[in-house]
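Below is one structure, written out as structure tokens, with a few remarks after it.
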Protein chains: 4
Amino acid sequence: MMNRVVLVGRLTKDPDLRYTPSGVAVATFTLAVNRAFSNQQGEREADFINCVVWRKPAENVANFLKKGSLAGVDGRIQTRNYEGQDGKRVYVTEIVAESVQFLEPKGASGGGGGGRGNDFYGAPPMEPQGNPFGGGNQNQRQNSNQGFTKVNDDPFAGSGQIDISDDDLPF
Amino acid sequence: MMNRVVLVGRLTKDPDLRYTPSGVAVATFTLAVNRAFSNQQGEREADFINCVVWRKPAENVANFLKKGSLAGVDGRIQTRNYEGQDGKRVYVTEIVAESVQFLEPKGASGGGGGGRGNDFYGAPPMEPQGNPFGGGNQNQRQNSNQGFTKVNDDPFAGSGQIDISDDDLPF
Amino acid sequence: MMNRVVLVGRLTKDPDLRYTPSGVAVATFTLAVNRAFSNQQGEREADFINCVVWRKPAENVANFLKKGSLAGVDGRIQTRNYEGQDGKRVYVTEIVAESVQFLEPKGASGGGGGGRGNDFYGAPPMEPQGNPFGGGNQNQRQNSNQGFTKVNDDPFAGSGQIDISDDDLPF
Amino acid sequence: MMNRVVLVGRLTKDPDLRYTPSGVAVATFTLAVNRAFSNQQGEREADFINCVVWRKPAENVANFLKKGSLAGVDGRIQTRNYEGQDGKRVYVTEIVAESVQFLEPKGASGGGGGGRGNDFYGAPPMEPQGNPFGGGNQNQRQNSNQGFTKVNDDPFAGSGQIDISDDDLPF
DNA sequence: TTTT
DNA sequence: TTTT
């Protein structure tokens, strides 16, 4: 069995960084990858591909990438499913990034970076399974996790996650 | 922009071969790709990845692969969306296979095969856009989706498509 | 059988564009791809990977890339061998690029570019076999081709190739 | 920087398993990957691609693969160079396999296998650098390269390496 | 809606 | 719900 994906595209929005209750960082973002060919109307369409990255590289993504950033992803396709609000099963296909490469020229993205290497490695082969994009109750599991806090919105995210109801979370 | 996917896995069902009104073959199938690692319960899960292939390789897929066949796919990720029955937009992520490789040992799959080469090349960079998996009204278009005829079910599929208006189809 | 390579790196020199006697463009270049990890001395080494690209994208490469350009390559590994000057067989491993992606920001590379798409597709599945990097007599073939003229050096390359000795050429 | 290779092909010979003086397993093998197209003579050629794999998966490769086995490789391209016998620099391009997938049907390869998973993960991002294929003096170092002991030939390989100075080895 |  |  083999499962390998390589993408280069641009972030459609700022990445979304959250933490699991056990403190594992997870970032999600969508890459717009322009197609190499034009459609019948002569336009070049794009594919919009959801990506997830875990742990340290998740934090790097949040720190160094933003809407419009050019980035490369090396990872694998993951499928999962969960029960939607309406009780129907929702099927999700997304990319688990094992490394994310920052392809903007130096200094382009404000943040910093420094040094000459700028790829972020990390998705371990056993990263936590979950639904970092939200949007439903994950799988069959009943659970009482407290889930994510968006670090960009709340610099103190690591601490206070108290006001999040168990049922709102995908873990 | 780069977009490359390589998969090796097993077909979850026999492939589904159809033809567009203009006579272009398109096959769809799902690959089960076992993960390289085990989950917390010690089980090895699989990803179930939808694939589409066009033209001659579509026919090869239909002829040489069946449920359980081991196959390799080299292609790209495609996203599209359409309006669901309930009027809600449905987002789809699938693999457009540019080549499909038959990895069963010789003679394993009944059909035939012969020779030593057995990879099926094909998805052109400008293959017809559409929703070969069905399941909704494609894109913004209003249509009544009589569309495809399954060649496996109907050996005469190539002929009787006369009552399908071009406007009914997602291409 | 599957054979897929995806690279992102920087050109170590200006690309080298030549034409076969039958007028087919072929460009060669070397990509420096920094490794994701450091060696025992704490340095990040690079791999220097030879690439070949044929036809129209070869000309695009010559026109839009130069020493230091950041580029992506999607292609396959090719091996070949030829008899060296000393009569010994020389083994070569290189990448045949099917598409080359220009990843510099707009305006960065002098040349121009224009438009919004900037990937160069091309290596046909049956590109001419040869030794575009030079360095030996190709394979078993006896031949009297006049071979390449470097377009960058000689804008009139298409015409006058008369002063190139047969024995200097890899075809 | 990105560097990703995926191959499926057949071993041209039994794999070669050795151990570094510090006891790290390293296996080398060559994959024959048939091309998807035919040459002008109508023959389908193959590319012969050298692969290296480290640690546990190296031992799995030695145990489960042999000449003719169908295998998949997911890894990266590595280039290195060393001084040849004649004092000339020799350039090497090879694949460092991060995972190797055994694609033969169960029972096909004698050995065993067992269980349902059969991919071998392993090449760490910082695997020892060296010249497991032999064939020269590695890098700038002067050495007399007694190096490796082939475990298949010598079941006691793990023990008798006492007379090899650390300076003689490419690690 | 999942393969061995 | 889309990027340059």
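So that the names make sense, note that chain A is the first sequence line, chain B the second, and so on, each numbered from 1.
- Taking 3.5 Å as the limit, the base of F:dT3 and the side chain of A:Asn34 contain a donor-acceptor pair of atoms between them.
- Checked by atom type and distance alone, the side chain of A:Arg44 pairs as donor or acceptor with a backbone atom of A:Arg35 at under 3.5 Å.
- Protein atom CZ of B:Arg10 is 14 Å distant from nucleotide atom C1' of E:dT2, rounded to whole Å.
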(Q) Quick one, B:Tyr91 with B:Thr93, criterion side chain to side chain contact (heavy atoms under 4.5 Å, CB included). Give me CA distance, side-chain angles, the key distance, then yes/no. (A) CA-CA 7 Å; B:Tyr91 294 88; B:Thr93 298; over 6 Å; no

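- Looking at the side chain of A:Thr30, the nearest of the listed nucleotides F:dT3, F:dT2, E:dT3 is F:dT2.
- Spacing between atom CZ of A:Phe48 and atom C1' of F:dT1 amounts to 9 Å, rounded to whole angstrom units.
- The nearest whole Å value for the distance from the CG atom in B:Leu11 to the C1' atom in E:dT4 is 12 Å.
- Nucleotide E:dT2 holds its P atom 21 Å from the CG atom of B:Leu65, rounded to whole Å.
- Within the 4.0 angstrom heavy-atom criterion, no nucleotide atom of any strand lies near B:Lys13.
- Taking all atoms of both residues into account, the shortest heavy-atom contact from B:Phe102 to B:Phe64 is CZ-O, 3.6 Å.
- A pairwise comparison of heavy atoms in B:Phe48 and A:Thr79 identifies N-OG1, 2.9 Å as the closest pair.
- The separation between D:Leu103 atom CG and E:dT3 atom C1' is 15 Å, rounded to whole Å.
- In this structure, the nucleotide among F:dT3, E:dT3, E:dT1 sitting nearest to the side chain of B:Ala46 is E:dT3.
- In this structure, A:Gly68 reaches the sugar-phosphate backbone alone: every heavy-atom distance under 4.0 Å involves primed, P, OP1 or OP2 atoms, never a base.
- One can place CG of B:Leu7 at 17 Å from C1' of E:dT4, the figure rounded to the nearest angstrom.
- Atom CG of A:Leu31 is separated from atom P of F:dT1 by 19 Å (rounded to the nearest Å).
- Atoms CD (A:Glu45) and C1' (F:dT4) sit 16 Å apart, rounded to a whole Å.
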